[in-house]
Structures are given as C-alpha cells and as structure tokens.
Number of protein chains: 2
Amino acid sequence: MPRPRSFDEADVVARAREAFAETGFAGTSLDTLLEATGLARQSLYNAFGGKKELFMRAFLSDTAEAVEAVEFIRHGSDSPIGRIRAQLVKMAVAHGSAAAPASLFTKAAVELSARDPEVAATVAAAFEAIRAHYAACIVEAQEAGEIETSADADSLGAYFCALIEGMGTLGGAGVPRATLLDIGFTSLAAVPITELGRAHLGTDDGDWS
Amino acid sequence: MPRPRSFDEADVVARAREAFAETGFAGTSLDTLLEATGLARQSLYNAFGGKKELFMRAFLSDTAEAVEAVEFIRHGSDSPIGRIRAQLVKMAVAHGSAAAPASLFTKAAVELSARDPEVAATVAAAFEAIRAHYAACIVEAQEAGEIETSADADSLGAYFCALIEGMGTLGGAGVPRATLLDIGFTSLAAVPITELGRAHLGTDDGDWS
DNA sequence: CCTGTTGTAGACCGATCAGTCAACAACCCC
DNA sequence: GGGGTTGTTGACTGATCGGTCTACAACAGG
C-alpha cells in the first residue's frame, strides 16, 4: 500500500560510490551526493540513514567488487599461472585508463582506516581475502607443476596484494597504462615458474594501446 | 623593528604535516590545525596565506622527504643490491609500526591528485624521481656484476615504485611489520641477481620484532 | 621613552555543513 | 474511490566551515 520509491537503491549506491571515489568521504558534501544520486534530502535519510551509512554501503559494495575481481583467478579454463598473469593485466588496464580516480576501496583505506574501526576491519578482511585468493591460486599452480614447490605461497600472496594496491595508487595518480602493464609483467619474475609453467604462460599480451 | 614571531615556521609545517596526514586535507579543519600548531588564526594567515597554502607546504615537505628516503640508495658503502634491500627493510619498518597513518605524500596522492593539478604534478614528479633512483641503482648493480645485464632497469624501477607505494598503503591500513618485511624480501626475487650479487646480499636481516 | 612596524588575540562574517520537520503527493488494498 | 501508509519536497536548524577585521601587544631604531 505504500507509495513506491522513485529510485533504484542499488543504482543510488553505485552513483554514490562514484561520487565518494572522486572526492573522498570528508570531501563529498550531502548536496553533492544529492545531485549525483538525483534523490531528495529526506529520501536519502529515509532509505539509508545518513551520509556515513550511505558511504558504508558504497564502500562495502566497492570492497566486495575489488575482492571479486581477484577471486576470479580461482576459476577459469586456462592454467593457474596464466590466470594470475591475466588478472595483473586486467588490473593494469582498469586502473590505467585516463582520468580514472582511485577505487573507493583504496581511497577509503587510505583516508579512513586509521580512524574508523569498521572501515579498518573491512579493509583488513579484504586484504586477507585477496592474499588468500592469490595464495590458493599459487598452490594450485604448484600442484600443476607450473611453480616450484619451494615457493612460499603465503608470501607471494601478500606480495601480490601489495603490488596491485601500489598499481591502483599509481594509476589513480596518473601513471599511464603501459607503465602499469610493465609493472605487472615485471612482478611475475618474482614467482619461480617452472619450465612447464613458462610454456603455459605463452606470450600473447594482447593489444593495449 | 617588527615584533618577532613566537613560533618556528618549520616546526609549524611539521605539526601541520602530522595533522593532515592523520585526517587528510578535507577532513582537517582550520581549528584543528590551529590547535595542532598552537598558533592563532591570524598568525597562520599572515605566515602562510591560508589552509591550502599551509597544506601545500606540508605536502611538498613530506614529498621531498619521501624522495630523499629513496635517494639514499644511491650512496653508501655497501653494494648497490644490498642498499636496495636495506631500503626495502627501512620502508617496511617505517610503515609497519603500529598506529602509523599513511604518509601525507600517499594520502595527498590518493585524495587530491585526480582533482588538483599542482598536487598531481608534484606526485608525478616524485614517482618519476623515485623510479629513476631505483633504476640508477640497478644500473650500478649491473655494472658491478650483481644483477644480470639483461634486466630492464627502468621496468624494475617502476616496479619497485609500485611496490613501496603498496607497502605504504598496506602499512597505513594496519598490516603488521613482519608481513611488510616479507613482502619486501619476496619482491627482490623479481630481480635477476647474479651469483656475485647473491654473495653480496648476505643474510643478516636484523631483528625486527 | 616615544614611534613605527609587525605579530597576536578574539570577535565576527557569510557560506556551507549534516541533519530535521511538517506539509503534500502518490500508490495499493479494500 | 476513499484510507492508510509511505515517499517526496523544500524550508528550516544549529553547528561549523574557511577567511577577515579590528583592537591590542611587543619589539627595534631614534
């Protein structure tokens, strides 16, 4: 019986995510948010509770997406090591596009994780999940004989976690796509790949002008 | 003949740097700044011009320090590859201390470089300087026979640039020192070190509890 | 000791902040 | 086609924002 909403909640969260990713939490005013989402003041309060709550919705959504983007290396038809390489390429392409601001996940982690326990906990959990995804994929590659069994999967997982975070920051600061791709390919040299693994990698880097 | 200032300008910039590093530019109010620096409203305007100008002073100061911290790998008595390793350890220790917020350089790069051209230019120049320092040190190591001559010094420079940026972000988000050290050591595996280089590296990792 | 110059102190400004309130409008069920 | 529930609208609130103005204090040269 109630009057139906004139907006799509998920769509509002997505637009809020863009706004917060552009100017951060403190730098984004409610009026900016209202303009970006198109809804009225009271509607925002009715549907979400307030600025902080809407931010958390957007932040959690972006964090989940960031983890998912890495989780994708766990599945797929090609070899585990090939999937890690493809993931690095994807990261470079995503963060290296011109005028692409840093992701809300990175932005929130830098801006708020030292002050807000909830943000800090979410960021820590996301890092751990990303690290675990990389580590599991590396173990899989070891079982497939693509990576030396002497390699420490956990260390490599944390290493890739730091690397993609750094790539995201550099990309957000304007470093071009080609440089990010170069960084990604260079980083693979830290993985002790076997002869078999090297054969599985191939050399089809695609065309990323 | 004028009345002398009751504060030290460099000291004020240093305190402002801490304040901005904690809460970012938009998140730090003028009142917070006045309390942190101890000076009166008008004194801040007389001496610096305004919030933005004081921020730039603090930001430039922190950026210079960040570049200097890497520039140190160009000099020293031990081998080039050993100096890079020592630098990574230093970064891990600095950013891995408990409750250490991300540096103002990183914070400003993430928060403002997409919006403020002056910040963006400064960040880009700093990244380029850091990359160049690493590259030059790697060339030096190649000339000393510690690194394979086939290695691409420029690529490795950009790679280390991304890596230390990622370490800084992770550290600011609460990742412990031991993990950062692990990441630093793991990253060295991407460098094709010769037998001679490996001998020069040693295994004295120190005690970083 | 007076004067000129500069620093300091606190009141003050309009603008903007996040958030609230009350009147009005739209829709579904009966 | 009412009634009741919910969404929307825009005016409004006190607090805080960055920045300015004016009165006063401190020092150096004469």
Side-chain angles (χ1 to χ4, degrees), chain A residues 1-60 104 107-108 111-112 115-119, chain B residues 1-60 104 107-108 111-112 115-119:
Chain A
M1 46 263 260
R3 175 177 176 178
R5 283 177 174 167
S6 68
F7 60 87
D8 177 42
E9 197 162 307
D11 187 55
V12 167
V13 171
R15 287 175 190 276
R17 183 157 50 141
E18 288 174 31
F20 280 127
E22 248 185 67
T23 45
F25 176 73
T28 307
S29 77
L30 247 164
D31 293 295
T32 305
L33 234 34
L34 297 179
E35 195 182 357
T37 59
L39 41 74
R41 220 171 184 74
Q42 189 67 33
S43 300
L44 190 149
Y45 279 87
N46 283 345
F48 300 98
K51 180 187 179 183
K52 182 72 196 298
E53 285 76 14
L54 177 54
F55 173 82
M56 287 306 296
R57 285 281 296 267
F59 166 57
L60 291 175
L104 181 54
K107 212 142 184 166
E111 181 184 359
L112 299 172
R115 230 180 330 155
D116 187 313
E118 193 179 352
V119 171
Chain B
M1 47 267 254
R3 174 178 175 177
R5 283 178 173 166
S6 68
F7 59 89
D8 176 44
E9 198 162 304
D11 187 56
V12 167
V13 171
R15 287 175 190 276
R17 182 156 51 141
E18 289 175 31
F20 280 126
E22 248 184 69
T23 46
F25 176 73
T28 306
S29 77
L30 212 51
D31 293 294
T32 305
L33 234 36
L34 296 179
E35 195 182 358
T37 59
L39 41 74
R41 219 172 184 77
Q42 190 64 35
S43 300
L44 190 150
Y45 278 86
N46 283 346
F48 300 98
K51 181 189 179 184
K52 182 74 195 298
E53 285 75 16
L54 177 55
F55 173 81
M56 286 306 296
R57 286 281 295 268
F59 167 58
L60 290 175
L104 181 54
K107 211 141 186 167
E111 181 184 0
L112 300 172
R115 231 180 329 156
D116 186 313
E118 193 179 352
V119 170

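Both backbone and side-chain heavy atoms feed into the values below; hydrogens, waters and symmetry mates do not. Chain A is the first sequence line, chain B the second, and so forth, proteins listed ahead of strands; every chain is numbered from 1.
The CZ atom of B/F7 sits 12 Å away from the C1' atom of C/dT6 (whole-angstrom rounding). Between the CZ atom of A/F48 and the P atom of D/dT8 there is a distance of 11 Å, rounded to whole Å. Straight-line distance from the CG atom of A/L34 to the C1' atom of C/dC17: 12 Å, rounded to whole Å. Regarding A/Y45, its OH atom lies at a distance of 15 Å from the C1' atom of D/dT9, rounded to whole Å. Counting to the nearest Å, the P atom of D/dG7 and the CG atom of A/L44 are 13 Å from each other. We find that CG of B/L30 is positioned 19 Å from P of C/dA15, with the value rounded to whole Å. We find that CG of A/N46 is positioned 12 Å from P of C/dC21, with the value rounded to whole Å. Between the P atom of C/dA18 and the CZ atom of A/F55 lies a distance of 13 Å, rounded to the nearest Å.
Contacts of A/Q42 classified as side chain to side chain donor-acceptor pair (under 3.5 Å), with partners at least two apart in sequence or in another chain: A/N46. B/E18 is linked by a side-chain contact (heavy atoms from CB on, under 4.5 Å) to nothing, counting only residues two or more places apart in sequence or in another chain. Every residue two or more places apart in sequence or in another chain was checked for a side chain to side chain donor-acceptor pair (under 3.5 Å) with B/S43, and none qualifies.
Looking only at side-chain heavy atoms (C-beta outward), B/K107 and B/T23 stay at 4.5 Å or farther from each other. With a 4.5 Å cut-off on side-chain heavy atoms, A/F59 and A/R17 do not count as touching.
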Side-chain donor/acceptor pairs under 3.5 Å, residues 30-41 of chain B, sequence neighbours excluded:
unit_1	atom_1	unit_2	atom_2	d
B/D31	OD1	B/R41	NH1	3.2
B/T32	OG1	B/S29	OG	2.9
B/T37	OG1	B/L33	O	2.9
B/T37	OG1	B/L34	O	3.4

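Electrostatic pairing of A/R115 and B/E22 does not count as a salt bridge here, judged by no charged N lying under 4.0 Å from a carboxylate O.
Checking the phosphate oxygens (OP1, OP2) of C/dT8, a side-chain nitrogen or oxygen of B/S43 falls inside 4.0 Å.
A donor-acceptor pair under 3.5 Å is formed between the side chain of A/E111 and the backbone N or O of A/A26. Side-chain atoms of B/K52 do not come within 3.5 Å of backbone N or O of B/F25 as any donor-acceptor pair.
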- line: Protein heavy-atom contacts under 4.0 Å, written 5' to 3' over nucleotides 10-16 of chain D as B (base), S (sugar-phosphate only) or - (none), form the string BB-----
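If you check every strand for non-hydrogen atoms under 4.0 Å, B/T32 touches nothing.
A heavy atom lying under 4.0 Å from DNA chain D marks none of the residues of residues 8-26 of chain A.
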